[in-house]
2 protein chains.
Amino acid sequence: MPNNQFKKGELYSFITGKASTAIARRLQKNFKLSGLDITIEQWSVLYHLWKEEGQSQQQLCDATFRDKPSITRLVDNLEKLKLVKRVPSKEDRRINLIYLTKEAIQLQERSMEVANQTLNEALNGVTNGQIEIAKEVLHTVYENLK
Amino acid sequence: MPNNQFKKGELYSFITGKASTAIARRLQKNFKLSGLDITIEQWSVLYHLWKEEGQSQQQLCDATFRDKPSITRLVDNLEKLKLVKRVPSKEDRRINLIYLTKEAIQLQERSMEVANQTLNEALNGVTNGQIEIAKEVLHTVYENLK
DNA sequence: TTGATGTAGTTGCATAAACAACTATATGCC
DNA sequence: GGCATATAGTTGTTTATGCAACTACATCAA
């Protein structure tokens, strides 16, 4: 597929990711309306810890597609909020394993509901078939560039 | 379409916009490799000014889907880089009209080439039909939430 | 004409990202 | 064992975002 030439008008919104910005803003707003006092970036870290606790910061980097300084500071802030704890690994003293506090565990259900609801708002009027194709395209883009 | 329920594994990447993050990073990297010393956010403002100079900051807010403080500061930085100039409107003294400098005009061709090339890297292996559907979905999402 | 309301832009503050440089620890090879 | 190299995490700096509060100017209506 060597020649995907884009007309200018089409190029811009693909590159700037207006849709994902819009989703992020709406999710943040919906968190706030639901009384959830976390940022979407913090939520994205918690999301992976809910799936599996005790991951290293490097594993969180890979999972969230962020660099190491970003995860250092997100974990800093999550620690200040008393949502996670750094626990030094006994096998490898370079590694911090990140564990959830009770408060963080309690956030899971409500925040996942808000996230699901936000996605339904976003995809209102889009068919499941279209969603499948969009997901494939976004996945391919990610694989092409990551 | 009231019931687009998502399986958890699918929810995350849609919300976090990993694909658009990947595109943004690659574009920034490609700018740098081509010796273009601007951020993608600055580029996104210039993009709209290349289409039409002399827009107000508010028009740039609408065009780039950013809030007013973001545009204020992007224009600040573009002015420091001597790529744009604020010109007070004569009809409405609240308004700044933003004009390009010669240097900015010269950036257009090269940067648009880099952007097009980046998008081709991103969409390698994706058919035009899939791209059309993905664009529709992203556009609907944007319209649903903006 | 003046007073209320709306709009354009700026500033302050907290959070986050990208990149480079750094420390500490682990690993692999001689 | 000891040195080179790789890996995990931190810190500093610049740029950008989101929100709230603010100033200046415009508009509309009594």
Side-chain angles (χ1 to χ4, degrees), chain A residues 16-18 20-33 37-45 54-81 83-84 86-98, chain B residues 16-18 20-33 37-45 54-81 83-84 86-98 145-146:
Chain A
T16 55
K18 290 208 280 191
S20 62
T21 303
I23 291 176
R25 281 186 203 164
R26 179 64 62 90
L27 179 59
Q28 186 68 72
K29 183 181 158 195
N30 287 346
F31 277 163
K32 196 169 187 182
L33 288 174
D37 265 344
I38 51 172
T39 68
I40 50 175
E41 294 86 359
Q42 291 164 1
W43 176 83
S44 77
V45 173
Q55 294 191 63
S56 71
Q57 294 187 199
Q58 183 58 55
Q59 286 176 302
L60 292 174
C61 290
D62 299 337
T64 63
F65 196 44
R66 289 185 166 83
D67 69 356
K68 292 192 288 176
S70 293
I71 289 297
T72 292
R73 279 145 179 158
L74 281 171
V75 171
D76 285 349
N77 285 338
L78 285 166
E79 255 190 337
K80 278 185 212 154
L81 293 168
L83 293 174
V84 307
R86 284 179 167 97
V87 177
S89 162
K90 283 165 187 166
E91 283 115 45
D92 185 335
R93 294 170 57 204
R94 294 170 302 179
I95 292 178
N96 293 330
L97 302 174
I98 312 300
Chain B
T16 54
K18 290 207 280 190
S20 61
T21 302
I23 291 176
R25 281 185 202 164
R26 179 63 63 90
L27 179 58
Q28 185 70 71
K29 184 179 156 197
N30 287 346
F31 277 164
K32 197 170 186 181
L33 288 174
D37 264 344
I38 50 172
T39 68
I40 49 176
E41 293 84 0
Q42 291 164 1
W43 176 83
S44 78
V45 173
Q55 294 192 62
S56 70
Q57 293 188 200
Q58 183 57 55
Q59 287 177 303
L60 292 174
C61 290
D62 299 337
T64 65
F65 196 43
R66 289 186 166 83
D67 70 356
K68 290 193 288 175
S70 293
I71 289 297
T72 292
R73 280 146 180 155
L74 282 171
V75 172
D76 285 350
N77 285 337
L78 286 167
E79 255 190 338
K80 277 183 213 155
L81 293 168
L83 293 173
V84 306
R86 284 179 166 97
V87 178
S89 163
K90 283 166 189 169
E91 283 114 46
D92 185 335
R93 294 170 56 202
R94 293 170 301 180
I95 293 178
N96 293 330
L97 302 175
I98 312 300
L145 301 181
K146 77 177 174 195

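Within every chain, numbering begins at 1; the chains are lettered A, B, ... in the order of the sequence lines, protein sequences first and strands thereafter. Note that the structure is predicted; figures quoted are calculated from it, not measured.
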Query - Considering all heavy atoms, the nearest Ser20(A)-Gly17(B) contact - result: CB-CA, 3.9 Å
Report task. Check every strand shown and say whether Thr72(A) touches a base, only sugar-phosphate, or nothing at a heavy-atom separation below 4.0 Å. Result -> base
Report task. Using salt bridge (Lys or Arg N to Asp or Glu O under 4.0 Å) as the criterion, list what pairs up with Arg25(B), not counting sequence neighbours. Result -> none
Requested in this report: List in chain and number order the residues that pass side-chain contact (heavy atoms from CB on, under 4.5 Å) with Asn77(A), two or more places apart in sequence or in another chain; answer none if no residue qualifies.
Outcome: Gln42(A), Lys80(A)
Query - Residue list, side-chain contact (heavy atoms from CB on, under 4.5 Å) with Gln55(A), at least two apart or on another chain - result: His48(A), Leu49(A), Glu52(A), Gln59(A), Leu60(A)
Report summary line: chain A reaches DNA chain D, atoms under 4.0 Å from its heavy atoms, from dA6(D) to dA20(D)
Query - Sorted by number, the residues of residues 86-96 of chain B with heavy-atom contact under 4.0 Å to DNA chain D - result: Asp92(B), Arg93(B), Arg94(B)
Query raised in the report: With a 4.0 Å cut-off on heavy atoms, is Asp76(A) in touch with a base, just the backbone sugar-phosphate, or nothing at all?
Result: nothing
Requested in this report: Give one of base, sugar-phosphate or nothing for Gln42(A), where a contact means two heavy atoms less than 4.0 Å apart.
Outcome: sugar-phosphate
Query raised in the report: Does the side chain of Thr64(B) come under 3.5 Å of the side chain of Ser44(B) through a donor N or O and an acceptor N or O?
Result: no
Query - Side chains of Phe65(A) and Thr16(B) in contact at under 4.5 Å (non-hydrogen atoms) - result: no
Query raised in the report: If you take all heavy atoms of Cys61(B) and Ile71(B), which pair is closest and at what distance?
Result: SG-CG1, 3.5 Å
Query - Lys32(B): salt bridge (Lys or Arg N to Asp or Glu O under 4.0 Å) partners, not counting sequence neighbours - result: none
**Report entry** First of Gln57(B) and Arg73(A) reached from the 5' end of DNA chain C, by closest nucleotide
**Finding:** Gln57(B)
Requested in this report: Under the side-chain hydrogen bond (donor to acceptor under 3.5 Å, both in side chains) rule, collect the residues that match up with Asn96(B), sequence neighbours excluded.
Outcome: Gln57(B)
Query raised in the report: Just how far is it from atom CD1 of Ile23(A) to atom CD1 of Ile40(A), taken to the nearest 0.5 Å?
Result: 10.0 Å
Report task. Just call it for Ile71(A): base, sugar-phosphate, or nothing, with non-hydrogen atoms closer than 4.0 Å on any strand. Result -> nothing
**Report entry** Sugar-phosphate only, base, or nothing, as touched by Lys32(A) at under 4.0 Å among non-hydrogen atoms
**Finding:** sugar-phosphate
Report task. Please tell me which of Asn77(B) and Lys29(A) maps to the more 5' nucleotide of DNA chain D, matching each residue to the nucleotide holding its nearest heavy atom. Result -> Asn77(B)
Report summary line: Contacts satisfying salt bridge (Lys or Arg N to Asp or Glu O under 4.0 Å) that involve residues 59-76 of chain B (not counting sequence neighbours) are Asp76(B)-Arg86(B)
Report summary line: Rounded to the nearest 0.5 angstrom, the CG-CD1 distance for Leu78(A) and Ile38(A) is 8.0 Å
Query - Rounded (10°) bend between the five-pair end axes of the helix from dT1(C)-dA30(D) to dC30(C)-dG1(D) - result: 10°
Requested in this report: Walking along DNA chain C from 5' to 3', note the first and the last nucleotide with an atom under 4.0 Å from a heavy atom of chain A, and give both.
Outcome: dT15(C) to dA26(C)
Query raised in the report: Roughly how far apart are Ile95(A) CD1 and Ser56(A) OG, rounded to 0.5 Å?
Result: 5.5 Å
